[in-house]
Amino acid sequence: MARQLNVRRMLLAINKAHSKLNLDALKQKVEQTYGETVAGVFPLSEDLLQLASEGVFCVKYPEHPVSKEFAKVANQIMEG
């Protein structure tokens, strides 16, 4: 759909990646398959689920790996 709409810059995100997967290999496979950059790979996180919409996860837990991945993706978007 994004290609049909001539999106200027496309970034992909992988969500709920299982912890037993090789995340770098997963990222490479998705990039090769879709021919687009993967901006971030978000691991499946029970910590995130436990928050249950009781606040902003990245604000409450800025040092958590998921929060750091969000920051990495946000930086790539801003560099655009």
Sole candidate of L12, L26, V38 that passes side chain to side chain contact (heavy atoms under 4.5 Å, CB included) when paired with E31: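 Single side chain to side chain contact (heavy atoms under 4.5 Å, CB included) partner of E31 among L12, L26, V38: V38.
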Hphob cluster co-occupancy, L23 + L44, side-chain heavy atoms under 4.5 angstrom: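 Not linked; separate clusters.
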Pairing residues for E36 by the side chain to side chain donor-acceptor pair (under 3.5 Å) criterion, not counting sequence neighbours: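 E36 satisfies side chain to side chain donor-acceptor pair (under 3.5 Å) with R3 only.
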Co-members of the apolar cluster containing M1 [side chain, <4.5 Å]: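 The other cluster members (ILVMFWY side chains, heavy atoms under 4.5 Å, direct or chained) are L5, V7.
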Fellow cluster residues of V56, listed by chain then number, with links counted only when side-chain atoms sit under 4.5 Å apart: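 Once heavy-atom contacts under 4.5 Å are chained together, V56 belongs with V59.
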Side-chain donor/acceptor pairs under 3.5 Å, residues 60-73, sequence neighbours excluded:
residue, atom, partner, partner atom, Å
E63, OE1, K68, NZ, 3.4
H64, ND1, V66, N, 3.0
H64, NE2, D47, OD2, 2.8
S67, OG, Y61, O, 2.6
E69, OE2, V41, N, 2.8
E69, OE2, K72, NZ, 3.1

Rounded distance [0.5 Å steps], CZ in F57 versus CG in L49: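 Between atom CZ of F57 and atom CG of L49 there are 9.5 Å.
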Residue pairs, two or more places apart or on separate chains, that pass ring pair (Phe, Tyr, Trp, His ring centres under 6.0 Å) and touch residues 1-38: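 Applying ring pair (Phe, Tyr, Trp, His ring centres under 6.0 Å) to every pair that reaches into residues 1-38, excluding sequence neighbours, yields nothing.
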Pairs flagged by salt bridge (charged side-chain N to carboxylate O under 4.0 Å, His left out) wherever residues 18-29 is involved - sequence neighbours left out: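 Listed by first then second residue: nothing to list.
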